[in-house]
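In what follows, a single structure is set out as structure tokens and then discussed.
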Amino acid sequence: MDPLLAPAGDIGALRQRYRDDKTALFALLRDQGASTRGVRQALQQLSRLTDQTLRELWGRAGFASGFSLIAVGGYGRGELFPYSDVDVLVLLPDGAQPDDDAELKKQLEAFIGACWDLGLEIGSSVRSVADCVEESAKDVTVQTSMLESRLICGSKNAFNRLVTQLGEAMDPKAFYVAKTLEMRQRHTKYENTPYSLEPNCKESPGGLRDLQIILWVSKAAGLGRSWDDLARKGLATPLEARQIKANEALLSLIRARLHLLANRREDRLVFDLQTAVAESFGFKAQVPAVITAGPPGAPHVAPTAKGTRRASEALMKRYYWAAKAVTQLNQILLLNIQERLQDDMAGVDRLRPLNARFFDKGGMLEVASDDLYVQQPHAILETFHIYQTTVGIKGFSARTLRALYNARPVMNAKFRADPVNRAQFLQILQEPEGITHALRMMNETSVLGRYLWVFRHIVGQMQHDLFHVYTVDQHILMVLRNVRRFFIAEHSHEYPFCSQLAAGWDKPWIFYIAAIFHDIAKGRGGDHSDLGAKDVRTFCRQHGIEREDSKLIEFLVSEHLTMSRMAQKEDLSDPDVIAAFAKRVGNERYLTALYLLTVADIRGTSPKVWNAWKGKLLEDLYRYTLRALGGRAPDPGAVIEARKREALSMLALHALPHMAHKALWDTLDVSYFMRHQADEIAWHTRVLTRQIAQTATKAAGKAAPEGEAVPDRCIVRARLSPEGEGLQVLVYAPDQNDLFARICGYFDSSNFSILDARVHTTLTGHALDTFQVVAPSLSDHYRELIAMVENNLAQTIDECGPLPAPMKGRLSRRVKSFPVTPRVDLRPDEKAQRWLLSVSASDRAGLLYGISRVLARYDINVQLAKITTLGERVEDTFLICGAQLQMNKRQIEIETELLETLEG
């Protein structure tokens, strides 16, 4: 009889003992209040209790001496949360095959069944050493799980052989890349913020997983297995190691309490459990909580008294500060590990001086000395100005992040009152580009809240309603991003009317200040619009903003809820309603500014709040009010209208028929006109007008005019570039997923270098692409060269068949001396329908074709492309879409292949 089934009484006693001991440990975790001192010990005791129980069951199973039972995954770390899975590996001796050995198969099934009967929710795998090595090579998740392996019982020799072979097969650099790509994808899944209102304390940015990944890549690289090891190796300072331990303990205790309160595995701080978890920490509500404010346009609710808060708010504030610290420390340590890995290989990034205080270290901003900010506090804000204005700088090095982290005491009242710092902060807001990136980075590094003290109070401030899915500080930064996008041509396809209005605006920074302050007084009690208006009035006075601009900013902050409330609650067909609103805004400039801020604000509450109907209501209110003010709606915007008029003037010189341009222009949206100059619009129209007319004739079933056959192939036209270098090439063809790759492949094989590509898809599904290219030598016989391009490129596009392999471009001597670390960033847009792909690498022939070929292989369509070549570095951005992007596994494969392509 099976030894596991024989002594039923003993099994029952073992089950009861296990349950009793586990209950005692649960009580220890439940009853220790807010203290995190004993949480790690309790989790380790749970792990040891499970180890002991499994050993007894393993002994009863009677496995032969060559078998091993190994803890893997989270259980392998030796810390077990109350309802986490118990992941184990049964390591088979070489040659053992359960599928071929009925007795062994029965023995394994009996052991696993006994574990479940006892109450151990195990996740089990059965493999040999060779199987483990093979599976680890194919799947980074298995590799990670095995990295955490720990022997419970059985053959120590077999376990040691497994560890040795896994270590020999480990590629630390490849593992680092895979885990960081996986982390980025996970962050995207959890909204790229630690400030979600219902965060996952394990998986969200700033959660426990962000700490685990540091130790995983550290173990893989042989740099240490604990925080103390990292401190000894110089990868973390003793202060950072202490702070990591403290924040890890807090997050662990929160996760353990979630499990206990939910009576199951629950890692999300959902609203239903927040109060109970908070009370388990000893937090108490001071008065019954009342919602302080709803989304824009929601009914007004009486505010809570000043100083009151829910118990859950106190807990979440503590959680958010811990998650923010983890996010910062995760960046610092991962960058340190990456630099250590690069030092072990040939591609070390060199330092390029930017000024006396900063260097460019492979696209990362590096401080000249560790104590720069302590010695020169003015350099703190200068850091972010350089970050936003220096082309090619994509982030901060570990040294810079650490220096900012240690400079927090310097940012005091004297720092905030310094005229130089005030001028520098205003300059950051007034730069034409990089505002969103700079402000987000300032918040991530805690600089924004220390410079704007009123902002510090709303960092991690929850909003208790069904509409805001972000904390107040993240909502503010989201609104800033939204309004900023109105001024960026690449985003004009998102909200065309707003982009048209923004195109004629003279001072975009007015919106940025209004966005920062519009909700800055939330949680204080009282009307946050009025309090925010007072705050921004003080800010404008301290920063020397002119009176008229200051009045507009104050108006926007105080009235930022008015327009949405009017649009959604009032009868817009009532002339008195429109007249009253027109009197309130006063003039067209104020109306336009309020409309743009309102759209950005509503869209910043939640992706689900905005819809087309709300958009129509707001636009109707805008148009009605503009009419009441005596103005005229800019439809289309002034800039676009000016470009169209200029293009029509150019077309008149070519004697086109009246309104001949309309057929083409009706197929183009606002993003096309914002991305092309008037001479390009005229050139495209002149070339394509006849084609559009013939296509329309064919679609209507009419015969083409005598002697004018409707062409079936694409149109390719080229001309000398108006910029004075190379050729400008126009391609007009039915769109297809590999079209962009075919075009890039032709230029690659013909030894042309692509300097710029503007890819556009018309409303009729045609690609209208413009390329700026240069040849090694553009001779006097340029007409022959143009004819060759027009004929051969059209032939290449019309041909079917697989895409050719890319050429292996040689790296220049300069690139070899100053290598650029390849980077790939793939993120969904806010509608999660299209994706923004950004790549950075050393330039070489065929690089763009290699990128486009990878995208074509996954049936990904390139809709917009911005190609930027900065000397020996390329910084390319693509707007793409495709079904493969909706699958997490495919995303990682695409990013990995792109990285391999960039590395050459």
Side-chain angles (χ1 to χ4, degrees), residues 22 25 28-29 36 38-55 68-91 120-125 132 136 140-154 159-160 162-163 166-167 170 175-176 179 182-183 186 200-203 206-231 235-236 241 244-259 265 267 326 329-330 333-334 337:
K22 188 168 68 171
L25 289 173
L28 181 64
L29 282 169
T36 61
V39 60
R40 185 178 182 187
Q41 182 180 1
L43 298 178
Q44 289 173 337
Q45 287 177 319
L46 270 174
S47 178
R48 286 195 292 269
L49 171 63
T50 305
D51 289 353
Q52 178 184 345
T53 306
L54 283 171
R55 288 191 191 101
S68 302
L69 182 64
I70 298 171
V72 295
Y75 176 42
R77 283 192 295 275
E79 295 179 358
L80 191 62
F81 285 85
Y83 288 96
S84 289
D85 290 339
V86 178
D87 295 323
V88 296
L89 164 68
V90 177
L91 188 63
L120 289 169
E121 297 184 4
I122 67 168
S124 59
S125 56
C132 290
S136 294
V140 71
T141 303
V142 175
Q143 190 177 31
T144 307
S145 178
M146 297 307 301
L147 192 65
E148 304 268 36
S149 59
R150 175 175 56 84
L151 181 65
I152 300 174
C153 56
F159 173 71
N160 289 337
L162 172 66
V163 172
L166 287 172
M170 173 65 73
F175 184 76
Y176 178 91
K179 297 311 293 184
E182 189 178 80
M183 181 179 71
R186 172 170 52 81
N200 186 307
C201 63
K202 177 184 176 185
E203 303 285 354
L208 287 166
R209 186 68 85 201
D210 279 5
L211 293 175
Q212 291 162 4
I213 195 173
I214 299 170
L215 292 179
W216 287 337
V217 297
S218 175
K219 290 175 185 176
L223 297 174
R225 306 179 66 87
S226 68
W227 305 121
D228 291 335
D229 287 345
L230 294 183
L235 292 165
I244 285 177
K245 291 178 184 178
N247 288 309
E248 183 181 42
L250 174 63
L251 295 175
S252 296
L253 184 56
I254 290 175
R255 187 184 179 205
R257 294 273 172 80
L258 280 169
H259 282 209
R265 178 175 176 173
D267 298 329
V326 167
L329 294 166
N330 168 273
L333 269 63
L334 285 181
I337 293 171

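This chain uses plain numbering: 1 for the first residue, then up along the sequence.
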Under the 3.5 angstrom rule, does the side chain of [X] hit a backbone N or O of [Y] as a donor-acceptor pair?
X: R55; Y: I152; value: yes
X: N330; Y: V326; value: no
X: H259; Y: R265; value: no
X: S218; Y: G224; value: yes
X: S145; Y: V142; value: no
X: T144; Y: V140; value: yes

Does CZ belonging to R48 count more than 12 external heavy atoms closer than 6.0 Å?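 Yes, CZ of R48 has more than 12 neighbouring heavy atoms, counting only those of other groups under 6.0 Å.
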Does [X] reach the side chain of [Y], with side-chain heavy atoms less than 4.5 Å apart?
X: V163; Y: M146; result: no
X: K245; Y: D228; result: yes
X: Y176; Y: L334; result: yes
X: L80; Y: V86; result: yes
X: V72; Y: V88; result: no
X: Y75; Y: R150; result: yes

For R40, all residues meeting side chain to side chain contact (heavy atoms under 4.5 Å, CB included), sequence neighbours excluded: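 Checked R40 against side chain to side chain contact (heavy atoms under 4.5 Å, CB included); matches are Q44, E79.
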For the [atom1] atom of [X] and the [atom2] atom of [Y], what is their distance to the nearest 0.5 Å?
X: L333; Y: L211; atom1: CG; atom2: CG; result: 9.5 Å
X: L162; Y: S136; atom1: CG; atom2: OG; result: 8.0 Å
X: I213; Y: L208; atom1: CD1; atom2: CG; result: 13.0 Å
X: E203; Y: R186; atom1: CD; atom2: CZ; result: 5.5 Å
X: I122; Y: L54; atom1: CD1; atom2: CG; result: 7.0 Å
X: D87; Y: S149; atom1: CG; atom2: OG; result: 12.5 Å

How far apart are the closest heavy atoms of [X] and [Y], and which atoms are they?
X: L250; Y: T36; result: CA-CG2, 3.8 Å
X: L46; Y: L29; result: CD1-CD1, 4.2 Å
X: R255; Y: C201; result: CB-SG, 3.6 Å
X: G78; Y: S47; result: O-CB, 3.3 Å
X: K202; Y: D267; result: CD-OD2, 3.7 Å
X: F81; Y: S252; result: CE2-O, 3.2 Å

Between K179 and E182 (salt bridge meaning N to carboxylate O under 4.0 Å), is one present in this structure?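 Counted as a salt bridge, because a side-chain N and a carboxylate O are separated by less than 4.0 Å.
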Verify side-chain contact (heavy atoms from CB on, under 4.5 Å) between D210 and L329, making sure each step is shown before the conclusion. CA-CA 9 Å; D210 279 5; L329 294 166; over 6 Å; no
Would L91 and C132 count as a side-chain contact (heavy atoms from CB on, under 4.5 Å) if you check the C-alpha gap in whole Å, the side-chain angles of each, and the deciding distance to 0.1 Å? CA-CA 9 Å; L91 188 63; C132 290; 4.2 Å; yes
If you apply the rule side-chain contact (heavy atoms from CB on, under 4.5 Å), what do you find for L147 with M170, and how did you get there? CA-CA 10 Å; L147 192 65; M170 173 65 73; 4.1 Å; yes
Start with the C-alpha gap between W227 and L215, add the side-chain angles, then the distance that decides, and say whether side-chain contact (heavy atoms from CB on, under 4.5 Å) holds. CA-CA 8 Å; W227 305 121; L215 292 179; 3.8 Å; yes
Between R209 and Q212, a side-chain donor and acceptor under 3.5 Å: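 There is such a pair between these side chains.
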